[in-house]
Amino acid sequence: GRYLSIVEPTVLCGDFNCVECPNIDKRGGIPTQGAGGSRALKNVCSQYDLVDSWRLANPQEKTFTWRPKDNSIACRLDRIYTSKQLSVQSHKYIPAYFTDHDGFSVNIIPTASRKTGPWKCNVSVLKDKDFSADLEANFQDWCTLKPGFNSLGAWWDNIKSRSRSLVIKHSCRLAR
């Protein structure tokens, strides 16, 4: 496509004015309204291998991002789609008083790719006091992310990726 890439990590987000799953993303109104937009959006997501990152982490949660003033209908119209090469650390919807839509916040990092073979840890960095202090401080923060993952294994894979990045950062510092 002209604006999306199959190769590069992609984030597609916004007000899509349709719902993919009316039974959990819509309350009230006509369930099939917007079905054409939903089909088109599913085709784009399939073509570019995008996932609804919030729904992936919250498969059955009913959350609505749009409602009219009379609150007769509520829908999750605002979504964040990401490539599978991206790791979504956290996301949340944020109420906005100046519009009929909620905003959202997302924290995304690229997942580690293995293009040159398996990574090997520079074990000398493990003796560095600055690295140890940084790892301990970061690990405390990383533990707070557990609720945002579907499984302990997914969280642990994320911790390994973050730890690797930290080792690389400190190894570069020590190499100077």
Can you confirm whether [X] sits close enough to [Y] that some side-chain heavy atom of one is under 4.5 Å from a side-chain heavy atom of the other?
| X | Y | result |
| --- | --- | --- |
| Thr32 | Pro22 | no |
| Ser46 | Asn43 | no |
| Asp100 | Arg67 | no |
| Leu135 | Trp142 | yes |
| Ile94 | Asp102 | no |
| Arg55 | Arg76 | yes |
| Asp15 | His101 | yes |
| Ile108 | Thr82 | yes |

Closest approach of [X] and [Y], non-hydrogen atoms and distance?
| X | Y | answer |
| --- | --- | --- |
| Ser83 | Leu50 | N-CD2, 3.6 Å |
| Asn122 | Val167 | N-CG1, 4.4 Å |
| Asp70 | Ser72 | OD1-OG, 2.8 Å |
| Ile73 | Trp66 | CG2-CZ3, 3.9 Å |
| Leu77 | Thr65 | N-OG1, 3.0 Å |

### Task
Test side-chain contact (heavy atoms from CB on, under 4.5 Å) on Cys18 and Leu41 and set out the steps.
CA-CA 9 Å; Cys18 63; Leu41 185 58; 4.2 Å; yes

Cluster question for you: counting only ILVMFWY and a side-chain heavy-atom cut-off of under 4.5 Å, with indirect links fine, are [X] and [Y] together?
| X | Y | result |
| --- | --- | --- |
| Leu126 | Ile168 | yes |
| Trp156 | Leu56 | no |
| Val51 | Val11 | no |
| Ile24 | Ile30 | no |
| Phe16 | Val19 | no |

### Query
Can you tell me if CD on Glu136 sees more than 12 non-hydrogen neighbours from other groups inside 6.0 Å?
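Not buried by this count: 12 neighbours or fewer within 6.0 Å.
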
### Query
Does the side-chain contact (heavy atoms from CB on, under 4.5 Å) test come out yes or no for Leu174 and Val125, once each step is laid out?
CA-CA 8 Å; Leu174 292 170; Val125 76; 3.7 Å; yes

Can you tell me how far apart [atom1] ([X]) and [atom2] ([Y]) are? Round to the nearest 0.5 Å.
| X | Y | atom1 | atom2 | value |
| --- | --- | --- | --- | --- |
| Asn23 | Lys62 | CG | NZ | 7.0 Å |
| Arg27 | Cys75 | CZ | SG | 9.0 Å |
| Cys45 | Glu20 | SG | CD | 6.0 Å |
| Asn138 | Phe131 | CG | CZ | 9.5 Å |
| Tyr48 | Leu12 | OH | CG | 10.5 Å |
| Arg79 | Cys13 | CZ | SG | 11.5 Å |

### Message
So, using side-chain hydrogen bond (donor to acceptor under 3.5 Å, both in side chains) as the criterion, who are the partners of Ser90 when residues are at least two apart?
### Response
none

### Close aromatic pair by centroid cut-off 6.0 Å: Trp54 and Phe104
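Ring centroids of Trp54 and Phe104 are no less than 6.0 Å from each other.
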
#### Entry: Test side-chain contact (heavy atoms from CB on, under 4.5 Å) applied to Ile159 and Ser163, step by step
CA-CA 6 Å; Ile159 295 301; Ser163 298; 4.0 Å; yes

#### Entry: His170 versus Asp130, side-chain donor and acceptor atoms under 3.5 Å
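No, because no side-chain N or O of Asp130 sits under 3.5 Å from a partner of the opposite role on His170.
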
### Message
Is it the case that the side chain of Gln60 and the backbone of Asn58 share a donor-acceptor pair, with hydrogens and angles ignored and the cut-off at 3.5 Å?
### Response
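The answer is no, because no donor-acceptor pair under 3.5 Å joins these two groups.
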
### Task
Say whether, by atom type as modelled, one donor and one acceptor occur between the side chain of His91 and the main chain of Asn107 under 3.5 angstrom.
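Checking the backbone N and O of Asn107 against the side chain of His91, no donor-acceptor pair under 3.5 Å is found.
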
### Task
Apply side-chain contact (heavy atoms from CB on, under 4.5 Å) to the pair Lys146 and Leu152, showing each step before the final yes or no.
CA-CA 7 Å; Lys146 276 185 201 175; Leu152 190 58; 4.3 Å; yes

